[in-house]
Amino acid sequence: MVKSKMFGGNGVFYPIIGFASCVAFIYLSFGDLWIDIHRDMKLSFVERNGTQFIVDGKPFYFNGWNSYWMMEHAVDDSRKHRIRAILQSGAKMGLTVCRTWAFNDGDYNALQISPGRFDEQVFRALDHVIAESRRYGIRLILCLVNNLQAYGGKTQYVKWAWEEGVGLSSSNDSFFYDPSIRHYFKNYVKTVLTRKNTITGLEYRDDPTIFAWELINEPRCVTDKSGDTLQDWIEEMSTFVKSIDKNHLLTIGLEGFYGPKSPKRLTVNPEFWAADVGTDFIRNSKISTVDFASVHIYPDHWTHNPDFEYKLKFVSKWMLSHIEDGDKELKKPIMFTEFGLSTENKDFTPDKRDRFYKVILDIIYKSALRNKSGAGSLVWQFLVEGMEEFNDDFGIVPWKRSSTYQLFTEQSCKLARIQGALPSQMPYLRKLCTQR
Ligand SMILES: *[C@@H]1O[C@H](CO)[C@@H](O)[C@H](O)[C@H]1NC(C)=O
Ligand SMILES: *[C@@H]1O[C@H](CO)[C@@H](O)[C@H](O)[C@H]1NC(C)=O
Ligand SMILES: *[C@@H]1O[C@H](CO)[C@@H](O)[C@H](O)[C@H]1NC(C)=O
């Protein structure tokens, strides 16, 4: 429920807000002016201490979302307003983290037109996304390439190498092992990380609005089931990122499947095939230049069992297993960077989706209560009205359904009650968590 009182009904602040009370006081004195003060808001880098993220010296557990489309929309003046709409609405829900694409390779409105050639207009659009996020106190997980074909991905890189006559193979997986393609990708990474934002004047690598870099969305390398090819690529690319940017945390972007090096964990996989896609959650995430692990949750796409209750059980087992890995094996935080229930299920109802979301949010809440490695979750995916062509079978317009809206806002309030609110969250949470 959103009904619980975070700030006390009689004007007495709960102790959890501690240092933040003075911020609240300023808010009370200046009212909506606060929203403008935000423009120059000081954010600090997200850090890590063992299994926990740390912000301003305190553990940080979060509630957030995915809006992959922001850069591509910001290019176009007629659609640019949607960036502010979604960020503002996320902030109003008390959310603090958004994951989005910092790539568009050779597609419509491409950032990278061809290897090493960038479109300045699209870069300015990404500048805008980052500057706006800062304004609303939202930190970004920026993903650097797609394993899938949308917005270019591996396939585009392989095509480029082929066209330039340097490609070793037409296999999409040559993205991982072809030296020319590795060079293309490193050049891309370097250009993005050292980009100077035309709005804030900050190089991306120096901007604390960026929570972390994600190497690649949902990597799979099915042509090498041993996992060695992908392991090698992650080692090389994560080391490369760290050589340019020592400020930001880094994750891989894995779905979370256990591989052949983790035989005891194989029964947790959704089905047998999951061990054979060239990834290995523990082995990959153990690499020292990887700061935290990422996991997705898609029982609809991963299992043949259509039973909803079975899916909920899978979700719990899947999450708890990975959180245990974080605490015992990896000693790193675990971030559930995508989750969703498909609207294409025969028995789909929005109520079921709310139940599905709640299982996930509750596990994160319990992890936060106990200082465990389950650090936060990012729902896939939020859109604003009129974006049907950008939807898949998981998208929601968060303010369209009040029970879903409440579920997410309640999670923000619950997390804030444990750990305190971030200064950037204060004005929003105040409204949100005190509503009767
Ligand atoms: C890091 O975590 C350890 C163990 O929980 C704790 O003792 C230590 O004070 C923490 N360090 C910082 C800088 O927060
Ligand atoms: C590479 O991936 C694309 C998109 O999934 C697919 O259409 C194409 O056939 C793949 N190429 C090869 C050689 O497998
Ligand atoms: C979790 O960590 C916080 C701050 O680091 C501490 O105050 C709290 O007692 C810890 N809770 C548990 C259950 O260990």
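Every number for a ligand or one of its atoms is a count from 1 in the order of the listing. Note that the structure is predicted; figures quoted are calculated from it, not measured. The analysis underlying the following values was restricted to heavy atoms, covering all of them including side chains, and did not include hydrogens, waters or symmetry mates.
In summary, the atoms of ligand 3 found under 4.0 Å from a heavy atom of Leu369, numbered by their order in the structure, are 13 (C). The atoms of ligand 3 that sit less than 4.0 Å from any heavy atom of Pro59 are 5 (O).
For Phe175 and Trp160, the gap between ring centers reaches or exceeds 6.0 Å.
Of the polar atoms of Arg370, none of the N or O atoms is found under 3.5 Å from an N or O of ligand 3, judged by distance alone.
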Enumerate the pairs of nitrogen or oxygen atoms, one from ligand 2 and one from the protein, separated by less than 3.5 angstrom; state names and distance to 0.1 Å.
residue, atom, partner, partner atom, Å
ligand 2, 2 (O), Thr155, OG1, 3.4
ligand 2, 2 (O), Asn172, ND2, 2.2
ligand 2, 11 (N), Asn172, ND2, 3.1

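With 3.5 Å as the limit, one finds no donor-acceptor pair spanning the side chains of His248 and Asp206. The closest side-chain donor-acceptor pair between Tyr258 and Asp325 falls under 3.5 angstrom. Side chains of Asp280 and Gln231: a donor-acceptor N/O pair is absent below 3.5 angstrom, by distance only.
In summary, of the residues considered (Lys372, Arg265, Lys331, Lys317), a salt bridge (charged side-chain N to carboxylate O under 4.0 Å, His left out) with Glu324 occurs for Arg265 alone. When Trp380, Tyr357, Phe394 are each tested for a ring-ring contact (aromatic ring centres under 6.0 Å, His included) with Phe339, only one passes: Tyr357.
Take Phe123 and apply the ring pair (Phe, Tyr, Trp, His ring centres under 6.0 Å) test, not counting sequence neighbours, and it matches Phe118.
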